[in-house]
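Everything on this sheet refers to the single structure shown next.
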Amino acid sequence: MIVVGELLNASRKAVGTAIEALDADYILQVARDQLEAGADYIDVNAGTFMNKEGEYVEWMVRLIQDNTDAVCSLDSPDPEVLNRALKVHKGTAMINSISLEKERYDQILPIIAGTDLKVIALCMSDEGMPVTREDRLKIADRLINDLCRNNVKLENIFVDPLVQPIATDQSYGMEFLNAIEGIMTGYPGVHTMCGLSNVSHGLPNRKILNVSFAIMAVAKGLDGLIVNPLDRQMMASLVAAETLAGRDEYCEKYLDAFRSGNLL
Amino acid sequence: MNILEQIRDAVVEGNAGQVKEFAQKAIEEGFGAAQILDEGLIGGMNIIGPRFKNNEIFIPEVLKSARAMHAGMDVIKPLIVSSDIQEKGTIVIGTVAGDLHDIGKNMVIMMLEGSGFKVIDLGINVPTEKFVKAIEEHQPQIMGLSALLTTTMKQMKNTVETLLTLEPRPKILIGGAPITQKFCDEIGADAYAADAASAAEIANMLIGSN
């Protein structure tokens with residue numbers, strides 16, 4: 001499971017305040033906590049700052065990489081912000097994200113074409129949000145093929161089939177899950193990735209829905225997740241789910257997690 | 001409990017079958033469409049709104065009540081055409097260009113309709129020109145704009161700038177996850193609503209101030 005730590009997002013109030021105040025201690029602490037909890041990438045987002053987004057993202061990337069071994073997920077639709085961050089980023093960053101929306105596609109593609117960057121490919125097009133499994137697979141197919149034609153390696157693509165709130169339509173859960181299965185079986189070597197907390201939007205006790213949905217998605221083949229890695233129940237459940245899904249030979253990761261005290 | 005109260009309670013419970021049955025019965029008992037609508041159907045949604053706002057009930061329950069309300073509307077519709085019901089006002093609503101989100105906007109529409117407004121939904125990814133054209137065509141009292149992304153807030157600002165130049169112009173009500181009262185003040189919109197239930201309350205206030 002490839003975990004992207006989602007906490008350094010400017011739309012979270014404490015983080016937004018820390019970014020604006022250039023509070024290096026706070027930002028670093030959140031980055032370190034996430035790495036310790038098992039994050040593979042640290043998502044860096046300053047999207048609420050219209051004119052200073054690039055400056056803040058660059059500052060965060062430098063700060064985090066000067067003090068930790070982290071690699072970042074650069075979270076912005078703005079090519080200037082991404083290029084600025086990439087100039088200072090060490091190692092192979094993840095770009096969050098490209099989609100089939102024309103403007104976004106045209107702006108992000110030149111950044112990743114022919115590189116070894118990882119990229120999240122969002123199943124969204126100018127026709128709107130996908131609803132069914134078929135809608136998602138259609139967009140995923142075009143994105144995967146277009147990216148590969150532009151010399152992006154299949155194994156660097158993380159398709160996000162887009163989670164929608166189950167509160168608004170009971171079919172949304174399974175349409176997403178079946179899309180994960182379709183993508184993972186249809187394009188061997190590609191990855192899937194999602195932020196799944198949207199599934200519980202509008203409902204109480206969101207945590208249990210999020211964890212249950214993550215487990216169901218892992219069973220369908222999901223191998224990447226944008227998540228709060230400090231959520232111990234979630235992280236333990238992901239380990240258990242991968243073991244149960246047959247993706248943990250000799251239950252090695254499960255037992256590692258047990259011995260390091262990470263199963264709660 | 002009279003039949004209108006029964007309709008109201010069935011809307012609150014989200015029982016579409018009962019609402020239909022009671023609405024039919026109310027017509028047979030001689031109640032007019034306006035009364036069934038105001039005291040029964042809208043009365044029910046008026047109870048739902050604050051409960052939703054206070055987290056006593058949740059999105060699926062609001063959707064269920066809205067479905068029940070619509071079932072009742074279908075029953076009284078043939079009467080409305082011939083009767084003298086006056087719509088409270090017209091609201092044109094849409095998600096701004098570049099933004100494809102519609103779930104929140106649709107919740108707002110439901111609460112506005114539940115509150116007795118006529119709502120024209122322009123959908124998602126709506127360019128400024130389309131908002132302007134809709135104002136000419138429908139002469140709404142209120143224009144509702146939604147943006148769910150920090151990136152499309154800029155677009156909302158642009159659209160609002162254009163709408164503010166129209167003469168006469170509708171009141172502009174904005175909302176969406178990243179939107180704040182501060183942003184609303186900055187771009188010069190008339191009002192900001194934090195959630196679907198507040199949107200209906202504020203729309204009522206805006207109409208009152210017209």
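Chain letters run A, B, ... following the sequence lines, proteins first, then strands; residues in each count from 1.
- The aromatic rings of A:Phe176 and A:Phe213 lie tilted to each other, with the angle between the two planes from 30° to 60°.
- Heavy atoms closer than 4.5 Å to chain A are found nowhere in B:Met107, neither backbone nor side chain.
- Between chain B and the options A:Ser11, A:Pro165, A:Gly47, A:Ala10, heavy-atom pairs under 4.5 Å are most frequent for A:Gly47.
- If you measure heavy-atom distances from A:Thr168 to chain B, the contacts under 4.5 Å come from both the backbone and the side chain.
- Listed for the A:His89 side chain is a donor-acceptor partner under 3.5 Å among the backbone atoms of A:Cys72.
- If you measure heavy-atom distances from A:Ser125 to chain B, the contacts under 4.5 Å come from the backbone alone.
- For the 3.5 Å distance criterion, the side chains of B:Glu161 and B:Thr165 fail to qualify, holding no donor opposite an acceptor.
- Side-chain N/O atoms of A:Ser73 and A:Asp75 include no donor and acceptor closer than 3.5 Å.
- One side chain, A:Asp141 or A:Tyr187, offers a donor N or O that lies under 3.5 Å from an acceptor on the other.
- Listed options A:Pro204, A:Gly128, A:Ser76 were ranked by heavy-atom pairs under 4.5 angstrom with chain B; first place goes to A:Pro204.
- Between chain B and the options A:His201, A:Met50, A:Glu53, heavy-atom pairs under 4.5 Å are most frequent for A:Met50.
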